[in-house]
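Along the sequence shown, residues carry numbers from 1.
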Amino acid sequence: MDPAYLPGDGGLDDRVPFLARLENEDATALRALGRELHFEPRTPLIQQDEPSTHVLLILTGWTKVTASAATGYQALLALRGPGDIVGESAAVTGRPRSATVTALERVRAVAIDHRAFREFLVRCPSAAFTLIGLTADRTRAADRRQLAHASMSVRERLATLLLDLVRTHGRTTADGVEITVPLTKQELAGAVGASREMVQRQLKDFRDRGVVATGRRTVVIVRPDVLRRIGRLDA
């Protein structure tokens, strides 16, 4: 994949995961506080509005972070994978979960009781500052996406999202670059703030133009240069 076809930053996954930010001894000590859990694809790891009892360190596999509105609309907020931490905000503040985290594939994670997690942060100020930095980076990325979405059409937002996913989850094949994380059309719609029907129409147009090829939860990017032009990423 030619790097010139790819956006700069601000994508769904554009950050260094929490464990990679910690010193090795701190990461090892944190993992030792918990117990390992396994989740099958499409299984919730944590649920929105539930009380907080633990944080999760993802060891392998990818998850989606979603939030549901009172109307039933579900927004895809982020993808979290190996080395990431989820559920930390509720554990620190004591508030109910603000989002649902669901496995997209088989996931291994370490669950750490929220009291043990908070005590670890008190004992290890460098880890606490690392967590603050991670939170700030996630907030900044979310703000940038919101600003970009406000100035783009759904077509442009979808093109930009697909290029972000190519950058973070792309695998070169004979047919193009396959997005390896399995997202449904509803999840793509939730990521760009649109209806499933609108995203389906845009994907059909992209298919008809030979820009992408799609299957059940699979997308192959055939012409990233066209997506880049649509997303106004040539400037």
Side-chain angles (χ1 to χ4, degrees), residues 1-17 62-69 73-81 84 99 102 104-105 134 136-235:
M1 174 60 58
D2 187 339
Y5 290 145
L6 304 181
D9 60 4
L12 283 177
D13 300 351
D14 193 27
R15 76 281 176 268
V16 178
W62 282 90
T63 68
K64 63 172 182 173
V65 181
T66 59
S68 298
Y73 184 81
Q74 189 177 85
L76 176 61
L77 304 179
L79 301 178
R80 303 292 182 223
D84 272 319
T102 306
L104 292 172
E105 54 192 4
L134 174 66
D137 286 348
R138 288 179 174 178
T139 300
R140 178 174 178 269
D143 289 345
R144 291 186 63 179
R145 285 196 301 275
Q146 185 175 7
L147 179 61
H149 282 190
S151 63
M152 289 181 174
S153 67
V154 172
R155 182 180 181 81
E156 291 165 341
R157 296 200 297 266
L158 181 60
T160 301
L161 172 67
L162 293 176
L163 286 171
D164 282 336
L165 290 171
V166 163
R167 178 170 55 84
T168 55
H169 297 280
R171 179 177 62 198
T172 301
T173 70
D175 299 319
V177 181
E178 180 183 0
I179 295 172
T180 59
V181 62
L183 295 173
T184 66
K185 292 181 180 66
Q186 184 62 58
E187 288 161 350
L188 292 173
V192 298
S195 68
R196 183 183 185 278
E197 292 73 23
M198 189 173 294
V199 165
Q200 193 159 348
R201 286 198 299 271
Q202 294 299 333
L203 284 174
K204 181 180 184 303
D205 179 66
F206 290 167
R207 284 197 306 270
D208 292 345
R209 296 178 59 186
V211 177
V212 305
T214 63
R216 186 175 182 272
R217 293 181 183 167
T218 62
V219 179
V220 176
I221 308 303
V222 182
R223 293 290 307 277
D225 57 318
V226 175
L227 290 179
R228 187 174 180 85
R229 289 197 295 272
I230 293 171
R232 299 184 291 175
L233 297 168
D234 285 324

- Report the C-alpha separation of Val181 and Leu79 in whole Å, then their side-chain angles, then the decisive distance to 0.1 Å, and conclude whether the side chain to side chain contact (heavy atoms under 4.5 Å, CB included) test is met. CA-CA 9 Å; Val181 62; Leu79 301 178; 4.1 Å; yes
I'd like to know if the side chain of [X] and the backbone of [Y] have a donor-acceptor N/O pair within less than 3.5 Å.
X: Tyr73; Y: Ala67; result: no
X: Arg171; Y: Val166; result: no
X: Thr63; Y: Arg80; result: yes

Please report the shortest heavy-atom distance between [X] and [Y], naming the atom on each side.
X: His149; Y: Val192; value: CE1-CA, 3.9 Å
X: Val199; Y: Ala189; value: CG2-CA, 3.6 Å
X: Val222; Y: Ala213; value: CG2-N, 4.2 Å
X: Glu156; Y: Ile230; value: CG-O, 3.1 Å
X: Leu203; Y: Val212; value: O-CG2, 4.2 Å
X: Glu187; Y: Thr184; value: OE1-N, 2.8 Å

- Task: Output all residues satisfying side-chain hydrogen bond (donor to acceptor under 3.5 Å, both in side chains) with Gln186, sequence neighbours left out; order by chain, then residue number.
- Result: none
- Query: Got a sec, which residues hit side-chain hydrogen bond (donor to acceptor under 3.5 Å, both in side chains) with Thr214, two or more places apart in sequence or on another chain?
  - Reply: Arg207
Less than 4.5 Å apart, side chain to side chain, heavy atoms only: is that true for [X] and [Y]?
X: Trp62; Y: Thr180; answer: no
X: Pro224; Y: Leu163; answer: yes
X: Glu197; Y: Lys185; answer: no
X: Val220; Y: Val177; answer: no

How long is the straight-line distance from [atom2] of [Y] back to [atom1] of [X], given to the nearest 0.5 Å?
X: Met152; Y: Leu161; atom1: CE; atom2: CG; value: 11.0 Å
X: Leu227; Y: Arg155; atom1: CG; atom2: CZ; value: 9.0 Å
X: Gln202; Y: Leu158; atom1: CD; atom2: CG; value: 6.5 Å
X: Arg144; Y: Thr139; atom1: CZ; atom2: OG1; value: 13.5 Å

- Charged N to carboxylate O under 4.0 angstrom, Asp164 versus Arg167? yes
- Check step by step if salt bridge (Lys or Arg N to Asp or Glu O under 4.0 Å) holds for Asp205 and Arg201. CA-CA 6 Å; Asp205 179 66; Arg201 286 198 299 271; over 6 Å; no
- Task: With Leu188 as reference, evaluate Ile179, Leu165, Leu76 under the side-chain contact (heavy atoms from CB on, under 4.5 Å) test and give the passing residue.
- Result: Leu165
- Query: Sequence neighbours excluded, which residues qualify as salt bridge (charged side-chain N to carboxylate O under 4.0 Å, His left out) partners of Arg157?
  - Reply: none
